[in-house]
Amino acid sequence: MLIVLLPCCETTSAVKRITLFRHKIVLKAGTRSLLPCMFYSDSALNPAELALEWGKVPVGGGKYTTLIHLNSSSVKTFHENSEKYQLFVSLVPSGNCTLIINPTEDTDSGTYEFWMLVNEELYEPSSKIKVDILDEKKTSSQSRAFWSKKTTTASTTTTTRTTPTIKTTKITTTTRTTTTTPTSRTTVKTSTKPPATDSSDNAMSAVPVALLIVLPALVPAIVILGLVSYLYCKLKFKRESVDVENPQVSTPATESQSATTLEVEEEIDEEETSEEEETSEEEETSEEESSEDEETSEEEETNEDGNEK
């Protein structure tokens, strides 16, 4: 009975589950970063019966390398900087197996693996962690270099468009050999051909420049012309709609009113003409009276002269 009960009285309990919370993680270069890891058991494990290890496989595959190893007696790191890889040693028995990387570097990219031993029984998580290191300085420098290349290519293209092209004429000499049977003769002919003139190239290069100059001035003119035509059509349509809504209809009442107004105007004109005639007659009579008064005054003067004599 004692032999049967001894296995049930063991002080440690088996690990139920190991969890790596992320399958892929991106870390910034030059920072203190964590790879989270937890394992679950019924109670805290005995550190003397516990051992664990973190390792890495580089990007693109390769040999597995041990980073840090923990056993009952000590913690051992496999790196030049002994403080680069660390563990929360005091929290490991309670289930915290998180790996600390301080500082992160470009060489830390790869696939990280974890395993642990409890009473010489191996436990491994069902997944691994793929780590990518992001170097902001490199990305910023690469983006700057990319944009500088773009600007330089754009500047070279613009300069090639604006600057006139100068072509040098080259004289090409071609040699031809002809063989005839039964006797072989070699004849060498040299032909000089001047290259074609580059007037067509200059014309083709001048077309885009002319378009670039004309288009900015042509677009506002087209827009203004379109606005003017639109306003003209709108005003014309509005006038036509007003004429249709309020047509001028001739009725008998309006005709009678127009006739009466015409008669009144004629009477007024006649009265004005008669008044003008009367005023002209009065003016004539006044002129005659003034002429008679002058004659009488002259006669009186002559009579006075005769009496004096």
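- Atom CG in Leu67 sits 8.5 Å away from atom CD in Glu53 (nearest 0.5 Å).
- At distances below 3.5 Å, not a single donor-acceptor pair connects side-chain atoms of Thr111 with backbone N or O atoms of Lys130.
- Put simply, the side chain of Val92 reaches to within 4.5 Å of the side chain of Leu52, judged on heavy atoms.
- Here the shortest heavy-atom pairing between Arg32 and Asn102 reads CB-OD1, 3.6 Å.
- Counting only heavy atoms from C-beta outward, the side chains of Ser72 and Pro47 never approach each other to under 4.5 Å.
- Between Val57 and Glu113, the closest side-chain pair of non-hydrogen atoms falls below 4.5 Å.
- Pairing each heavy atom of Tyr112 with each of Lys128, the nearest pair is O-CB, 3.5 Å.
- With values rounded to the nearest 0.5 angstrom, Leu70 atom CG is found 12.0 Å from Thr77 atom OG1.
- Side chain of Asn119 to main chain of Glu121: no donor-acceptor pair is present (N/O by atom type, distance under 3.5 Å, no hydrogens or angles).
- A heavy-atom distance below 4.5 Å is found between the side chains of Leu35 and Val131.
- Side-chain atoms of Ile68 and Val75, non-hydrogen and from C-beta on, do get closer than 4.5 Å to each other.
- Contact check for Ile18 versus Met116: side-chain heavy atoms found under the 4.5 Å cut-off.
- Within 6.0 Å of NZ in Lys84 there are more than 12 heavy atoms belonging to other residues, nucleotides or ligands.
- In this pair, Tyr85 and His79 present their aromatic rings perpendicular. The plane angle is above 60°, beyond the 30 to 60° band.
- Here the closest heavy-atom approach between residue Ala29 and residue Ile133 is recorded as CB-CG2, 3.8 Å.
- Taking Arg17 as the reference, Thr19, Tyr40 meet the side chain to side chain contact (heavy atoms under 4.5 Å, CB included) condition, with sequence neighbours excluded.
- Pairing each heavy atom of Ile129 with each of Arg22, the nearest pair is CG1-O, 3.2 Å.
- If you take CD on Glu124 and CG on Leu20, they are separated by 11.0 Å, rounding to the nearest 0.5 Å.
- By the rule that hydrophobic residues join a cluster once side-chain heavy atoms approach within less than 4.5 Å of another member, Phe114 and Phe78 end up as members of separate clusters.
- Between Asp135 and Lys28 no salt bridge is recorded (no basic side-chain N to carboxylate O distance below 4.0 Å).
- Although no hydrogens or angles enter the test, the distance criterion places no donor-acceptor pair under 3.5 Å between the side chain of Asn46 and the main chain of Glu49.
- Taking SG of Cys37 as the start and CG of Asn96 as the end, the distance is 8.0 Å to the nearest 0.5 Å.
- Across all non-hydrogen atoms, the minimal contact from Pro93 to Ser90 is CD-O, 3.8 Å.
- By the rule that hydrophobic residues join a cluster once side-chain heavy atoms approach within less than 4.5 Å of another member, Val89 and Leu45 end up as members of one cluster.
- Within the 3.5 Å criterion, the main-chain N or O of Cys97 finds a donor-acceptor partner in the side chain of Trp54.
- Using a distance-only test at 3.5 Å, with no hydrogens or angles considered, no donor-acceptor pair links the side chain of Ser94 to the main chain of Ala44.
- Each of Met38 and Phe88 belongs to its own hydrophobic cluster when Ile, Leu, Val, Met, Phe, Trp and Tyr are linked at side-chain heavy-atom distances under 4.5 angstrom.
- In this structure, the separation between OG1 on Thr98 and CG on Leu87 is 8.5 Å, given to the nearest 0.5 Å.
- Looking at heavy atoms from C-beta onward, Leu225 lies out of side-chain contact with Ser229 at the 4.5 angstrom threshold.
- Judged purely by atom type and a 3.5 angstrom limit, Glu120 has no side-chain atom pairing as donor or acceptor with the backbone of Leu117.
- Neither Trp115 nor Leu99 shares a network with the other; the hydrophobic side chains, linked directly or stepwise wherever heavy atoms of I, L, V, M, F, W or Y lie under 4.5 Å apart, form separate groups for each.
- To the nearest 0.5 Å, atom NZ of residue Lys24 and atom CG of residue Asp132 are 5.0 Å apart.
- Within the 4.5 Å cutoff, no side-chain heavy atoms of Thr31 are placed close to those of Ile101.
- The minimum heavy-atom distance between Ser41 and Ser43, with the atom names listed, is OG-O, 2.6 Å.
- A distance-only check finds a donor-acceptor pair linking the side chain of Thr104 to the backbone of Gly30 [under 3.5 Å].
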